[in-house]
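Heads up: the structure comes next, in structure tokens.
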Amino acid sequence: MEREILKRLFSEMLRIRMVEEKIAALYPEQEMRCPVHLCIGQEAIAVGTCANLARDDYVLSGHRSHGHYLAKGGDLKAMMAELYGKVTGCSKGKGGSMHLVDLSAGFLGATPIVGSTIPIGVGAALGTVMRGEGRVTVVFFGEAATEEGVFHESINLAALKKLPVVFVCENNFYSVYSPLAVRQPEGRQIFELAKGYGVESHQADGNDVVEVYEAAERAVRKARRGGGPTFLEFKTYRWREHCGPYYDNDLGYRSEAEFQEWRQRCPIDRMKERLVRESLLRQGDISEMAASLEAEIREAVVFAKESPAPEEEQLFDHICSP
Amino acid sequence: MEREILKRLFSEMLRIRMVEEKIAALYPEQEMRCPVHLCIGQEAIAVGTCANLARDDYVLSGHRSHGHYLAKGGDLKAMMAELYGKVTGCSKGKGGSMHLVDLSAGFLGATPIVGSTIPIGVGAALGTVMRGEGRVTVVFFGEAATEEGVFHESINLAALKKLPVVFVCENNFYSVYSPLAVRQPEGRQIFELAKGYGVESHQADGNDVVEVYEAAERAVRKARRGGGPTFLEFKTYRWREHCGPYYDNDLGYRSEAEFQEWRQRCPIDRMKERLVRESLLRQGDISEMAASLEAEIREAVVFAKESPAPEEEQLFDHICSP
Amino acid sequence: MVVDDRELKFSQAINEAIDTCMAKDPRVYVMGLGVPDPKGVFGSTLGLQQKYGTLRVMDMPTSENGMTGVAIGSALVGMRPIMTHQRVDFALLAIEQMVNQAAKWHYMFGGQMSVPLVIRMIIGRGWGQGPQHSQSLQAWFSHVPGLKVVMPATPHDAKGLLIASIEEDNPVIFIEHRWLYNVSGPVPAGWYQVPLGKAKVVREGSDLTITATSYMTLEALRAAETLAEEGIGAEVIDVRTLNPLDETLIMESVARTGRLLVADTAWKNVGFSAEIVARVAEKAFPYLKSAPCRVALPDCPAPTAPELSRYFYPHAAHVAAAARRMIGLSGDGRMAELAPAVPLDVPDPSFTGPF
Amino acid sequence: MVVDDRELKFSQAINEAIDTCMAKDPRVYVMGLGVPDPKGVFGSTLGLQQKYGTLRVMDMPTSENGMTGVAIGSALVGMRPIMTHQRVDFALLAIEQMVNQAAKWHYMFGGQMSVPLVIRMIIGRGWGQGPQHSQSLQAWFSHVPGLKVVMPATPHDAKGLLIASIEEDNPVIFIEHRWLYNVSGPVPAGWYQVPLGKAKVVREGSDLTITATSYMTLEALRAAETLAEEGIGAEVIDVRTLNPLDETLIMESVARTGRLLVADTAWKNVGFSAEIVARVAEKAFPYLKSAPCRVALPDCPAPTAPELSRYFYPHAAHVAAAARRMIGLSGDGRMAELAPAVPLDVPDPSFTGPF
Ligand SMILES: Cc1ncc(C[n+]2csc(CCOP(=O)(O)OP(=O)(O)O)c2C)c(N)n1
Ligand SMILES: Cc1ncc(C[n+]2csc(CCOP(=O)(O)OP(=O)(O)O)c2C)c(N)n1
Ligand SMILES: [Mg+2]
Ligand SMILES: [Mg+2]
């Protein structure tokens, strides 16, 4: 794999991590007044997947979408402003963290009803085929979304029409506080579901960005040459609480030991070690990178905080397209 | 297999066939004023499956339910009266052909929204487990129902909770006039869907009542001893139009040749030949059997026709349970 | 133009609207169960696949919810889908996509995208359609901001409103009543629109205003005829677009007549008919000479037996009786006379079941 | 009894109702996403699994539609499920099962079976819940014959109505407003019912009748207090059960006051508030001294930004202003004074997000 790609994967992950950490730090100020679902610990999947996409390929996501949005090239300032409920936000403040969009980056939208953007992504792929475009569409979702019937309806259609879509399932083992054991049958791996549709399907380590990159590369390439859909299951772990800025292992729904185990497998640390080991980056480069990211993020926060809030009459804008 | 069982399977199939033929013959009189979905050609699945059930086991079905109702022991008179929209009908005329029920026979109900009784059947099975009953629940549905997300949600739960439920899919290749090719991916067998859930799953000839019986026997036995769900796919063919009494091969959505091929594989003729060949029944026995069935059916029709229609005030009965 | 005098059936008018739009705009496509089959959704989609191919006229898996999402997704990237459901009742599986996603996508992303999606849904009735094949849920869709809701009553309006709906940039819920399918009427050839959001006075009168939806417009007109013979002038307004509602036209009429009767194809309780009554009560109160009145389905599931559906569905006689009572006369006068000529569970004598 | 003076929060009252019914009847069980988790559906199901075990208090897969069918099936064979959704919006996936199956099962099989199912749904609000987490769709459910629809406004009624709902043999849609969860009030210990179908006069008055649903009852009461200081006597009726509606109580009140104002938590257009206005206009027309009036959500999706939700949600000041206008006074008088003390996107100062 090319060195530049490795470095880019690292810096993108670091950027997402630092954005999320910033949100976590500022959230208690109570100025971001919307639910936030941070992706800290899961950055490798967004980054490894989106690194294979062209700017005009499409991505859709769900409630936990910050990483996908940023990895696809979504504008950071517009995202921060959206979290602060400002008119300069990517959805003009109408949506908040759970409704991100950046059309210029091919990030077609994220909405927080579990599973519901899956058929929309498949439909986008169908639309691109009808229009004779060569785009690929990726839909990101959590493992709980595979429990929604609409996931099955969607993958069936994608298989039937051989659509250029990649289904990316981030299996972090929990849906809010509910473990897989109360939701899905024992001893069955999620990626096996897709096989029932005759859809090519793989499982990989979601905390290894190179593994993610390579799996996604094959899937995207296949989609682009008309080979149809692929389903990718990446195992990973959410570090913080389901919704909000804090840690919540004290609640008891998962063990501190389990968390620590996954903490050790931090996708960013792992990549950093490799880059340093292989002398692709020095510690100094990394500090510099972090400093410049910190400056970018700080600027985005300032932009968001200083942007104006929407006015009363804007409440009624955009109910219907004119 | 015991001779008595073979004979019973035959006579049950013949009974259903004769009832359906009678409905087809009388329907043009326009006195049965409700949609009817005849199961002629598919009788072996209902009969072979239900022969393994106790009276207090449960069965649910969909729009094409006459065979399931009768095979489970549903009252013929009440069914005919229901088709004629009479108060003596199994649903007091409120339901018609698409809403049959016979609680005394464990036929818990049939409703015509594709796929919708599947979770209800799974719920009945859950209920019996919660109540500590040893009953088995069977849900019958067409292959189109596997395209509904709710099928997947249901089988996932059945697998998760190891419920005593048997999913019986009658794959007759068409949903109304739509062939499988426009609905499901090529080269994928339906019974493979269930495997994705880790659910035991089999495919068999739905026009061979003995094959059906044996597959259902294993599934029912497994369910009863707490072994969890089984999915059975039976290939079969509907002879007449999707809804209504006539043949419709002239419409062109399927070929006469295809129909004739399946016509040759009539489950009743095949069984008759075997019974005669093995000297379990003589032609004379069969004529006698048919004559007595004819008398029973004629009596049911007379009962239905002579029964009173509901009165105006009954419109408002049963909106809510008192 | 002579061609404008031709008569088409409602189903043909729908078909022609789709055909016209598909010919004009390559982004328009049709998707739905049975759309290309030999019956072509009661004739409304016949011949389209032959003309426009399998990519633009598609059958689909029995996956109403997923396919609605698919339609939305395709609309977001520039297509203009027409989704068809043979019954409103089946589309209940797709409510989440319609209401959470399609209706709000434009708003919740600050107006950047639109969802030019038409969802055609047919209301079943009679011949034992029963509880799960005959619901008339226009009230639901009309309650949701972001959805436009259309119910044509004539072939002319069916074509013109459907063309307007297909060319509209917002999701449109287009509800067709099965009993209108065989009704014929003049339909101009070629492209024309009947604009969304405009009701129509289909008969003038000065004693009371009857606002009606869909098939009930026909029953209201029949009632108005009898009432006229009795010297009562009923103005009949065909609502046509339920959301946005043409409040102005209704208010103007009520201001003149002083009386409002609403005839709707749906259940009365919390139905669309309540909205019209409520708006008039709020905004035209000083003009009202008597209590407004709703003629709608009784609040009970649709029964299957024909003998029961006779009592379930109100018709012209009920509208006329209600009108008489509003004027202060006895309602029942000529009930029998107005009873429909055909059995009450079929739309016309040509209909011999089962759908 | 001293115990009857104890105060509980709304969430605790719900919890106690479930606990009481589970202790009394082994057929009652609870199912829903997160029901046994450490947050216990905002406290309302906390401790139940510890007490009644994993079979009777179940988490579930994220399969709202299927699980509703499962609940129905279990009810048909003798269980009494309580299904819980953390947001009304998620339950839209299950509309088919609720409306086609649960609501009609009793009717369409001629009364042989019943579906004793309670579906609890929470209306989200504020703190950026936004377009897909705050819909208030009581109008939809109230439109469907066969469903009973309940919206308690106080801890006392929450417990009593929920017990009545669980013991009811028909499907009950039980809608809880997130902003009521922390409100405290007296709740008797032990078993008691508040009967379904009965509204309640929560404040007497003779100048106008305010009928309110759920959380809007509290805003109506605040409005009534200010109005009283101005010499206007507002009678406030908490609707409590939307279907069947306690028409008698409302008509009696309007017959006395001559004025009707309806305050609802939902969109105005084709909302539940329209039904109350329509019924009163139809049946109490001669008593009306002025046009009835609705205070409800503007017809637009819920915005996320707190600055916008400030303008989206009407509160006591809006109710009071509308009341003044109905009496013939200027509406705006004391708007500012009645504006809520806390930011308008949280229910009370203890609420610090994110849900
Ligand atoms: C249809 C629906 N049901 C329930 C919810 C509530 N909910 C929000 S996020 C979430 C967890 C989803 O888990 P998963 O898909 O595994 O994603 P993760 O949060 O683990 O990233 C749930 C249940 C919802 N938003 N939509
Ligand atoms: C949800 C839903 N969508 C569509 C229909 C219309 N419909 C009635 S029967 C049927 C065909 C179902 O095919 P299948 O399940 O294979 O059963 P078959 O008729 O072949 O026995 C369809 C699509 C329906 N009743 N319900
Ligand atoms: Mg998860
Ligand atoms: Mg079939």
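Heavy-atom basis, side chains included; hydrogens, waters and symmetry copies ignored. Computed from a prediction, not measured in an experiment: that's the story for all the values here. Naming: A, B, ... by sequence-line order, numbering from 1 per chain.
- Contacts of A/Ala110 with chain C are made by backbone atoms alone, with heavy-atom separations under 4.5 Å and no side-chain atom involved.
- Within the 4.5 Å cutoff, no side-chain heavy atoms of C/Val70 are placed close to those of A/Glu153.
- Under a cut-off of 6.0 angstrom, the local environment of NZ in C/Lys39 is sparse, with at most 12 non-hydrogen atoms contributed by other residues, nucleotides or ligands.
- C/Lys148 touches chain A through its side chain: at least one heavy atom from C-beta onward sits under 4.5 Å away, while N, CA, C and O do not.
- Within 6.0 Å of atom NZ in C/Lys198, 12 or fewer heavy atoms from other residues, nucleotides or ligands are found, so the atom counts as exposed in its surroundings.
- Contact tally against chain A (heavy-atom pairs below 4.5 Å) for C/Lys104, C/Arg27, C/Met60, C/Met67: the top residue is C/Met67.
- Per-residue heavy-atom pair counts under 4.5 Å with chain A were compared for C/Arg56, C/Met79, C/Glu168, and the maximum is reached by C/Met79.
- Summarising the geometry of C/Met113 relative to A/Leu108, their closest heavy-atom pair is CE-O, 3.5 Å, with the distance given to 0.1 Å.
- Across all their heavy atoms, C/Val77 and A/Thr128 have their closest contact at CG2-N, 4.1 Å.
- When the candidates A/Ala124, A/Pro322, A/Ser154 are compared by the number of heavy-atom contacts under 4.5 Å with chain C, A/Ala124 comes out ahead.
- Smallest separation of non-hydrogen atoms from A/Ser116 and C/Gln101: CB-NE2, 3.3 Å.
- Shortest non-hydrogen contact noted between A/Leu157 and C/Pro61 is CD1-CD, 3.8 Å.
- Residues C/Gln97 and A/Pro119 approach most closely at NE2-CG, 3.5 Å, considering heavy atoms.
- For a residue to count as touching a neighbouring chain, one of its non-hydrogen atoms must lie under 4.5 Å from one of that chain's; by this rule A/Leu126 touches chain C with the side chain only.
- Between the side chain of C/Gln112 and the backbone N or O of A/Cys90, at least one donor-acceptor pair lies under 3.5 Å.
- Neither the backbone nor the side chain of A/Ile118 comes within contact range of chain C, judged by heavy atoms closer than 4.5 Å.
- For A/Asn156, the part lying near chain C is the side chain, with the backbone staying farther off; criterion is any non-hydrogen pair under 4.5 Å.
- For the set A/Lys92, A/His152, A/Met130, the entry with the most heavy-atom pairs within less than 4.5 Å of chain C is A/Met130.
- When atom types are taken as modelled, the side chain of C/Tyr107 and the backbone of A/Leu315 share a donor-acceptor pair closer than 3.5 angstrom.
- Looking at every heavy atom in both residues, A/Ser321 comes nearest to C/Asn170 through N-OD1, 2.6 Å.
- In this structure, the portions of C/Asn65 lying under 4.5 Å from any heavy atom of chain A include both its backbone and its side chain.
- Looking at heavy atoms from C-beta onward, C/Glu96 lies out of side-chain contact with A/Glu148 at the 4.5 angstrom threshold.
- In this structure, the side chains of C/Phe109 and A/Leu103 stay at 4.5 Å or more apart for every pair of heavy atoms.
- Contact annotation for A/Tyr58: only side-chain heavy atoms (C-beta onward) come within less than 4.5 Å of a heavy atom of chain C.
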